[in-house]
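Everything on this sheet refers to the single structure shown next.
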Amino acid sequence: WGLDVKLAFDVHDFDYWQGATDLDKWLADIKMLTNCLVIICNKRGFLMYARGLRAMTYFMAVAIFGKKAFYAEKERR
């Protein structure tokens, strides 16, 4: 909703590339959520809570469905 959180996703992608265990995946997912929320809170404004809800939706998506993406890179190495 008009806020660039690409940096949070770039860090998340790097953490997925670097990680090797389920714990690494979980930490990457939590870090992505935290980074998104920090960006959102720093911007503030009337959309802050709606953006926070969207960040939680992204987090739930990667937490539930991201395992295949996390391990796909490891299989190619």
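We're numbering straight along the sequence, starting at 1.
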According to a hydrophobic-cluster definition based on side-chain heavy atoms being under 4.5 Å apart (Ile, Leu, Val, Met, Phe, Trp, Tyr only), do [X] and [Y] belong together?
| X | Y | answer |
| --- | --- | --- |
| Met48 | Val38 | no |
| Tyr58 | Val11 | no |
| Ile30 | Phe65 | yes |
| Leu33 | Leu53 | no |
| Leu27 | Val62 | no |

Which residues pass the side-chain contact (heavy atoms from CB on, under 4.5 Å) test with Met60, not counting sequence neighbours?
Ile64
Got a sec, which residues hit side-chain contact (heavy atoms from CB on, under 4.5 Å) with Ala8, two or more places apart in sequence or on another chain?
Asn35, Cys36, Ile39
Measuring from [X]:[atom1] to [Y]:[atom2], what's the distance to the nearest 0.5 Å?
| X | Y | atom1 | atom2 | answer |
| --- | --- | --- | --- | --- |
| Trp26 | Asp15 | CH2 | CG | 14.5 Å |
| Met32 | Phe9 | CE | CZ | 5.5 Å |
| Lys43 | Leu3 | NZ | CG | 7.0 Å |

If every non-hydrogen atom of Phe70 is compared with every non-hydrogen atom of Asp24, which pair is closest and at what distance?
CZ-CB, 4.1 Å
Shortest non-hydrogen contact from Leu37 toward Gly52:
CD2-CA, 4.0 Å
Tell me, do Tyr16 and Asp29 make a side-chain contact under 4.5 Å, heavy atoms counted?
yes
Among all residues two or more places apart in sequence or in another chain, which pass the side-chain hydrogen bond (donor to acceptor under 3.5 Å, both in side chains) test with Asp22?
Tyr71
